[in-house]
Structure formats: structure tokens, C-alpha cells
Amino acid sequence: MANPISNALAGAALLPRGLRLMTRRPRLLGLGLIPPLVVSLVFGAVFVLLAVNAMDLAAALTPFAADWGWVEAFRVLVAIALLVAAGALMVIAFSAVTLAVGSPLYDRIGEEAEDVLGDVPTAVEEPLLRSVPRTIRQVLTLVAISALAALPLFLLGLLPVVGTVVGGLLSAVFGGWMITTEMVGGGFERRGRFRLRDRWAAMRRQPARTLGFGVPLFLLLALPLVAIAVFPVASAAGTLLARELLAPEPGRPEPKPSAPAT
């Protein structure tokens, strides 16, 4: 049985490997900074607006606590929990929106990574009339799942000290899983794996490697300026991970390409 720690470290090492690949393509690296820059400006403004009004939102959500002697401390806790949950959701949404906005560019980055590594798959073409609605459905699905997960993370964050720490850790694990789902998409689609369930099935077979890649990436993307620099590198690294997740295991038949569906 593979060592989970070594697998997690191998997943984390994909980001430096992606960086080495991108330094061979400086023009692509430069172009890859533009979509996350644009999207981060929008998302950053939204988060700042949320942070400025966090206490007012906390008060609106907790009218029942108005007569409590420790209402201010409780509402500070609610505001922090709200920002943690919203931050996790926004990082995932940031990744999904950036990939959608820069789709042709990040497809090119993935293809360049495949060319450097060799053994390039024969790309499975999907008609545009299928590709666009499928992509929209998948982005909305991932954002909806993340929004649903934000509620229990928010409630967990209401527990003093422990809840904030545990909620932050769970946010990183959940966020890392969802970010990985997005980042491996191009590599899967080039091999005819169009469904989200195809990605999740492969990720579940190697959870340590998946989270070793996804959790550090989620934390990096949570830092606005860092996220801009990291994103094109993450796109290349996601291609590396997709190749590893889809590599045939000894004794396991290679899965057949899926029909283009959510």
C-alpha cells in the first residue's frame, strides 16, 4: 500500500514542477496572469465590502442576542465565522470563474505541459454547443456545492477558539478538494473524461496525493496577490496531477472515455 505521507508530498511537489514548466514558456506565464488579475480585483472588492459590513451583517443575523450581556463578543465571533466561510467559498468561486474567463489560455498552458512531458493524448473533440452549456453547468454545480458547505463551516466557526481552528482546517481540506476538481478538468477532458464524477472517482483513488496538491494550492489562492502569480502555475500543475490520476494502475483496466455530461 502506498504511503499516504509520501503521496501527499508528491502532490505538493506538483506546484514546483508546474513552475519549472511555466518558466520554459515565459510568454504564456505572463498571459496567464491577466485573468486572475481581473477576477481578483472584482472578488477583492466584494470581500472588502463584506469585511467592512461584517459586524452589521452579524447583527442582522442575530437579533435574538440583542439582550445578551456578551452580545458584542458573540457578534464578533459571528462576523469572523461569516468571513471564514465566505472566504472559502470565494476562493473556490475565484478559481472556477478564472478558469472560465481564461479557458482558451489555460487550455493552451495544459497542452504545452503535455507536449513537454510527452505521451500526448489524442484530444477528444467536443462540439461547442455541448461544451459551453456543460462547462456552465459544472461551474454552477461546484459553486452550489461550495455554498452548501459554507453553512456548516459558518456554524462550526461559532464555537469559540476550537470552532475557528477546526473550521479553518476543514475549509482548507474541502476547498483543496474542490480546487483540485477544477484544476484537473482540462487534463481529464483532453482524454475524454467530461463528467465531474470521472474526476472525483480518480481523486478518491488517490486522496493523499489529491489533497497534498489541493490544500497548499487553496491556501495560496486565498492570498490575493499570491493567487495572481500562482494561478497559471497551478494550471500546469493540475495537468501533471490529471496525468497521474489517470495513469493506469497495474491490474486495473483503463477506464473508457465518458460521454460529455455533467
Side-chain angles (χ1 to χ4, degrees), residues 7 11 14 18 35 88-89 91-114 117 119-150 173-215 217-218 221 231 234-262:
N7 269 347
L14 292 173
L89 175 59
V91 171
I92 296 167
F94 165 81
S95 178
V97 171
T98 303
L99 284 172
V101 169
S103 178
L105 177 60
Y106 295 120
D107 285 344
R108 176 71 184 279
I109 288 175
E111 289 165 2
E112 291 284 339
E114 302 268 19
L117 295 169
D119 191 23
V120 182
T122 302
V124 178
E125 296 294 334
E126 183 183 23
L128 188 63
L129 291 178
R130 287 185 177 180
S131 174
V132 172
R134 174 186 61 77
T135 300
I136 293 173
R137 287 198 308 271
Q138 290 181 342
V139 168
L140 292 177
T141 297
L142 293 173
V143 172
I145 292 172
S146 302
L148 289 174
V173 171
F174 174 76
W177 186 270
M178 299 301 286
I179 291 289
T180 302
T181 302
E182 296 167 356
M183 289 298 177
V184 300
F188 273 65
E189 289 169 12
R190 279 188 290 277
R191 291 161 175 80
R193 285 23 172 211
F194 293 102
R195 300 174 302 182
L196 290 176
R197 71 181 69 174
D198 294 330
R199 303 181 210 176
W200 287 328
M203 290 160 59
R204 283 195 298 269
R205 288 195 290 271
Q206 299 193 53
R209 188 177 298 263
T210 296
L211 292 176
F213 169 80
V215 171
L217 177 57
F218 174 83
L221 292 180
F231 205 90
S235 181
T239 297
L240 302 181
L241 180 60
R243 289 168 64 98
E244 294 182 359
L245 293 177
L246 288 172
E249 298 179 18
R252 181 192 294 272
E254 187 174 354
K256 297 179 181 180
S258 62
T262 302

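Just so it is clear, the model here is predicted, and its values are computed rather than measured.
- Every residue was checked against the side-chain hydrogen bond (donor to acceptor under 3.5 Å, both in side chains) condition with Thr98, not counting sequence neighbours, and none meets it.
- The backbone N or O of Arg195 lies less than 3.5 Å from no partner atom in the side chain of Arg197, so there is not a single donor-acceptor pair.
- Sorted by first and then second residue, the salt bridge (charged side-chain N to carboxylate O under 4.0 Å, His left out) pairs with a member in residues 95-109 read Arg108-Glu112; sequence neighbours excluded.
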Exercise for the section: Could you walk me through whether Leu245 and Arg205 pass side chain to side chain contact (heavy atoms under 4.5 Å, CB included), step by step? Expected result: CA-CA 8 Å; Leu245 293 177; Arg205 288 195 290 271; over 6 Å; no
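- Heavy-atom minimum distance, Leu240 versus Leu117: CD2-CD1, 2.9 Å.
- When side chains are defined from C-beta on, Leu217 does not count as touching Thr180, because their heavy atoms never get closer than 4.5 Å.
- Here the closest heavy-atom approach between residue Ile109 and residue Ser235 is recorded as CG2-OG, 4.0 Å.
- When all heavy atoms are compared, the tightest approach of Met178 to Ser146 is CE-OG, 3.8 Å.
- Here the side chains of Thr181 and Gln138 are not in contact, with every heavy-atom distance at 4.5 Å or above.
- Separation of atoms CE (Met183) and CG (Leu221) is listed at 5.5 Å; rounding is to 0.5 Å.
- The OG1 atom of Thr210 sits 13.0 Å away from the CH2 atom of Trp200 when rounded to the nearest 0.5 Å.
- Annotation: the span from Phe174 atom CZ to Leu89 atom CG amounts to 9.0 Å, rounded to 0.5 Å.
- Residue Phe188 comes nearest to Asp198 through the heavy atom pair CE2-O, 3.5 Å, listed as atom of the first residue, atom of the second, then distance.
- To the nearest 0.5 Å, atom CG of residue Asn7 and atom CD of residue Glu244 are 9.0 Å apart.
- Considering only residues two or more places apart in sequence or on other chains, Thr239 meets the side-chain hydrogen bond (donor to acceptor under 3.5 Å, both in side chains) condition with Arg190.
- Contact check for Leu99 versus Phe231: side-chain heavy atoms found under the 4.5 Å cut-off.
- Looking at every heavy atom in both residues, Ala237 comes nearest to Phe213 through CB-CE1, 3.6 Å.
- Comment: Glu189 engages Arg199 in a salt bridge, judged by a side-chain N to carboxylate O separation of less than 4.0 angstrom.
- To the nearest 0.5 Å, atoms OG1 (Thr135) and CG (Leu140) are separated by 10.5 Å.
- Of all heavy-atom pairs spanning Val101 and Pro35, the tightest one is CG1-CB, 4.4 Å.
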